[in-house]
Amino acid sequence: MSASSAINASSATETRLGRPSRFHLPSPAVTVALLMACVFLLRLPSALVPRELNMDESQFLIQAMKFLVDPRPWLSGDTGSSGPLNSYFISVFLWMGFKPGFVLVHILASVFVCLEVLTAYLTLRRLKSEGTAALGAFLMVLLYGLATDKDYLHYAGELLPNLLLMAGFYIFVVWVGGPAERRASASRWLLFSGGLVLGAAPWCKLQAAPITLALGLVFLAAVLRDRGRSFSLSRRLKELIAFSVGAILTTCVMLAILAKCGAISDFWYSYIQGNLAYAGSLSLTSIIAKFWFTFLTWPIHEPLLVAFLGLGLLVRTSPSANVLLFSKEKKWAFNGVLVYAGAALIAICRSQYSFHHYTIFLVPPMTYLAAVAFSAPPEAVEPIKSRRSPPRVIFALVLILVFATIGGIRYANMVRVIGELSHGLLDRNPRIAKAPGVPVMNSNDRMAKLKYILGCSAIMQCSWEVRDSNERIAAVVRDIQATRPVQSMAIWGWAPGVYVLSGILPVTRDSVTYYEITQGPMQTYFRARFLVDLRQKPPDLFIDAFAPDAVVWPQWTEKDGYESDPQLRKFVEDNYILIDQLTLVKGAKPVRFFARREAIRKS
């Protein structure tokens, strides 16, 4: 550890009176290593669950397996609202010999989280101090480590682009806060690197595009700002070119690949038009509603981060406290954090759906604001010592204790359920249908209603379960394989985990049929493409997985089985025969399995 780092670390722990504190942070390397190890170990129980925690990770895994055979994006497969880079990353590990499975992607998700903790630490260290960096990274460890919502535990499509955006913002902080005498070549390399990582993020998930655009504009504004006479117009133009080249490089490479493969139209209709249809119509009312929904539900899913943010704001709310926590030298970095947070909110609220994993984009800027707000300067902490401050501080500490207790109970319950999960898998017969759920709210039992409301309340909810419909469907597929050859498969519905568990790749580009089932402007296109894929490569087994207890979207109805598409219905009736059924819920529509007639004759 260098002498300057030691000075910074020690100065960060001084008290407001200038006397050194009894507590000293370890070296930065040790601090960040401990934090990364903690978050990895806290996530390890859920990472080792060999089950699908979210449907998206099955899509990424299936696409990664297909990329090993055919690496052409949007021709070999389609991952819906996410781009190909999420699956290409998994393909690298499959190519290295790792076994495709849910444990692999869960571990990769934890690695992404560890890297985000590292990036947050490095960014806050530049923004403020060692103490602030340790606090911010600790907040992120609590958020991701004690998370029990499976939206934060699975291989989310937001993790990789979020890491790239964090890296881009860190490069911005390094560049804008660097010495004025930095060599021109070093400055241009930083700008090129920042543009490169920001430009790659939308190819992981198009939802990251507003954040990329916003941070890109911040970069450009900082390049063109007045930095004195020593910065000539030619130097600024070179910096502008360096950033622009980096920003468009990934897009140019991907478009060249798509043009070479003849997949430009597939990319346009699927990734651009499909995502716009998925996001829904642009409405100010819906955006405002999503904004309030995000902030009303976010404290429920990230209690400790919000509690610490509340404590920081309570400490800061005094007449003498300066609302802008950065000095004039850090105003560009501070403005960048605000723009980052605003763009993340837009990216989250723009979608018609409010999935919790969307808020992963909001975690970094909120962490930065919470950490900097909590580590107030000495003059801002002065009111704490006044007679009026103890009730306020006590309230904040009680808030933290309450949220920590809730998070701890949830985490302990999740670990307990995971321990019981493996035994349940061995004991359960996949063909035994579940009993239908009883609508408690329609009963006259007041106590049952109260328990139901508390159980459904996100604050009191301690249940943790993993859907088992994929395992049950895959078990029937294995039974069918014992009597006839099944080397290819297609599924109508949202059950990509069946492909993963059976090891059979889909013959269609879509591993899920969301767009084919959901009514919208793109339904006709995706239904036609799905049928073309089936006709080109008729699967040995066709499964209609549209059934209760499997994944069914709220706007879907019982009439949305494969028969809802007349052309698909005719194709199945002409070429397939029903050979098996699996009832997931008693008295409900079953999952149906159809074998190809030619395959039956050959067997």
- [ ] Would you mind reporting whether R478 and S502 have side-chain heavy atoms less than 4.5 Å apart?
- [x] no
Open item on the list: Could you check whether any side-chain N or O of S81 sits under 3.5 Å from a backbone N or O of N275, counting only pairs where one atom can act as donor and the other as acceptor?
Closed with: no
Open item on the list: Can you tell me how far apart CH2 (W494) and OG1 (T513) are? Round to the nearest 0.5 Å.
Closed with: 8.5 Å
- [ ] Mind listing the closest non-hydrogen atom pair of A347 and Q207 along with its distance?
- [x] O-NE2, 2.9 Å
TODO: Please name the pair of heavy atoms, one in L584 and one in A550, separated by the smallest distance, quoted to 0.1 Å.
DONE: CD1-N, 3.9 Å
Open item on the list: With a 3.5 Å distance limit and no angle check, can you tell me whether T483 reaches the backbone of I480 through a side-chain donor-acceptor pair?
Closed with: yes
Open item on the list: Set out, in order, the CA-CA distance, both residues' side-chain angles and the distance that settles side chain to side chain contact (heavy atoms under 4.5 Å, CB included) for V49 and F102, then state yes or no.
Closed with: CA-CA 8 Å; V49 174; F102 296 119; over 6 Å; no
Task: Ring center gap for W268 and Y525 short of 6.0 angstrom - done: no
TODO: Decide yes or no on side chain to side chain contact (heavy atoms under 4.5 Å, CB included) for L44 and S110, but give the supporting numbers first.
DONE: CA-CA 8 Å; L44 192 59; S110 295; over 6 Å; no
- [ ] Keeping the roles fixed (side chain from H106, backbone from A47), state whether a donor-acceptor pair exists under 3.5 Å.
- [x] yes
TODO: Give, for atom CG of L578 and atom CG of D544, the distance between the pair rounded to the nearest 0.5 Å.
DONE: 10.0 Å
Task: Sidechain-backbone polar pair: R597 side chain, Y576 backbone, donor-acceptor under 3.5 Å - done: yes
Task: Between OG1 on residue T250 and CH2 on residue W203, distance to nearest 0.5 Å - done: 9.0 Å
TODO: Give, for atom CE of M65 and atom CZ of F60, the distance between the pair rounded to the nearest 0.5 Å.
DONE: 15.5 Å
Open item on the list: Quick check against the 3.5 Å criterion: does Q581 have a side-chain atom that pairs as donor or acceptor with the backbone of F593?
Closed with: no
TODO: Please check if the side chain of K66 supplies one atom and the backbone of S76 the other of a donor-acceptor pair under 3.5 Å.
DONE: yes
Open item on the list: With a sphere of 6.0 Å drawn around CD of Q487, does it hold more than 12 non-hydrogen atoms of other residues, nucleotides or ligands?
Closed with: no
Open item on the list: Under a 4.0 Å threshold between the charged nitrogen and the carboxylate oxygen, would D533 count as salt-bridged to R509?
Closed with: yes
Task: Main-chain N/O of L206 paired to Y271 side chain as donor or acceptor, under 3.5 Å - done: yes
Open item on the list: Under the criterion side chain to side chain contact (heavy atoms under 4.5 Å, CB included), I'd like the reasoning laid out for I90 against Y155: C-alpha separation, chi angles, the key distance, then a yes or no.
Closed with: CA-CA 10 Å; I90 302 175; Y155 185 89; 3.7 Å; yes
TODO: Would you indicate whether the side-chain heavy atoms of S46 and I418 approach each other to under 4.5 Å?
DONE: yes
Task: Under 3.5 Å side-chain donor-acceptor pair for N413 and R416 - done: yes
TODO: For R527 and E516, work out which heavy atoms get closest and say how close.
DONE: NE-O, 2.7 Å
Open item on the list: Centroid separation under 6.0 Å, is that true for the rings of F571 and F542?
Closed with: no
TODO: Using a cut-off of 6.0 Å, state whether more than 12 heavy atoms not belonging to Q273 lie near its atom CD.
DONE: yes
Open item on the list: So P485 and D540, do their side chains get closer than 4.5 Å, heavy atoms only?
Closed with: no
Task: Salt-bridge present (D510, R529; N to O < 4.0 Å) - done: yes
Task: Aromatic ring proximity, centroids under 6.0 angstrom, F526 and Y269 - done: no
- [ ] Would you check if the side chain of K150 reaches a backbone N or O of V466 as a donor-acceptor pair within less than 3.5 Å?
- [x] no
TODO: Quick one: closest heavy-atom pair of P539 and S488, and the distance?
DONE: CA-OG, 3.3 Å
Task: Distance in Å, E116 CD paired with L165 CG, rounded so as to fall on 0.5 Å steps - done: 9.5 Å
- [ ] Report yes if some heavy atom in the side chain of F89 is under 4.5 Å from a heavy atom in the side chain of C204; otherwise report no.
- [x] no
- [ ] Using modelled atom types only, decide if a donor and an acceptor are shared between the side chain of Y411 and the backbone of L42 within a distance under 3.5 Å.
- [x] yes
Task: Side-chain heavy-atom pair E52, R467 within 4.5 angstrom cut-off - done: no
Task: Gap separating the CD atom of Q555 from the OG1 atom of T518, nearest 0.5 angstrom - done: 5.0 Å
Task: Nearest heavy atoms of Q59 and S511, plus distance in Å - done: CG-OG, 3.5 Å
Task: side chain to side chain contact (heavy atoms under 4.5 Å, CB included) partner of Q481, the single match among V476, I504, L541 - done: I504
Open item on the list: Looking at Q352, I'd like to know if its CD atom is crowded, meaning that more than 12 non-hydrogen atoms belonging to other residues, nucleotides or ligands lie closer than 6.0 Å.
Closed with: yes
Open item on the list: Could you tell me if T79 and Q63 have a donor-acceptor pair between their side chains, going purely by distance under 3.5 Å?
Closed with: no
Open item on the list: Using 30° and 60° as the class boundaries, would you call the ring planes of Y358 and F355 parallel, tilted or perpendicular?
Closed with: perpendicular
- [ ] For the residue pair W556 and F546, categorise the inter-ring angle as parallel (less than 30°), tilted (30 to 60°) or perpendicular (more than 60°).
- [x] tilted
Task: Close side-chain approach of D56 to H357, heavy-atom, < 4.5 Å - done: yes
Task: Heavy-atom check, side chain of Y144 versus side chain of C114, under 4.5 Å - done: no
Open item on the list: Parallel, tilted or perpendicular, judged at 30° and 60°: which one describes the rings of Y152 and H356?
Closed with: parallel
Task: Side-chain heavy-atom pair I257, P73 within 4.5 angstrom cut-off - done: yes
Task: Closest contact, heavy atoms only, A474 versus L501 - done: CB-CB, 3.8 Å
Open item on the list: Evaluate F594 against N575 for side chain to side chain contact (heavy atoms under 4.5 Å, CB included), listing each step before the verdict.
Closed with: CA-CA 9 Å; F594 299 86; N575 298 278; over 6 Å; no
Task: Donor-acceptor pair, side chain of S351 and main chain of I348, under 3.5 angstrom - done: no
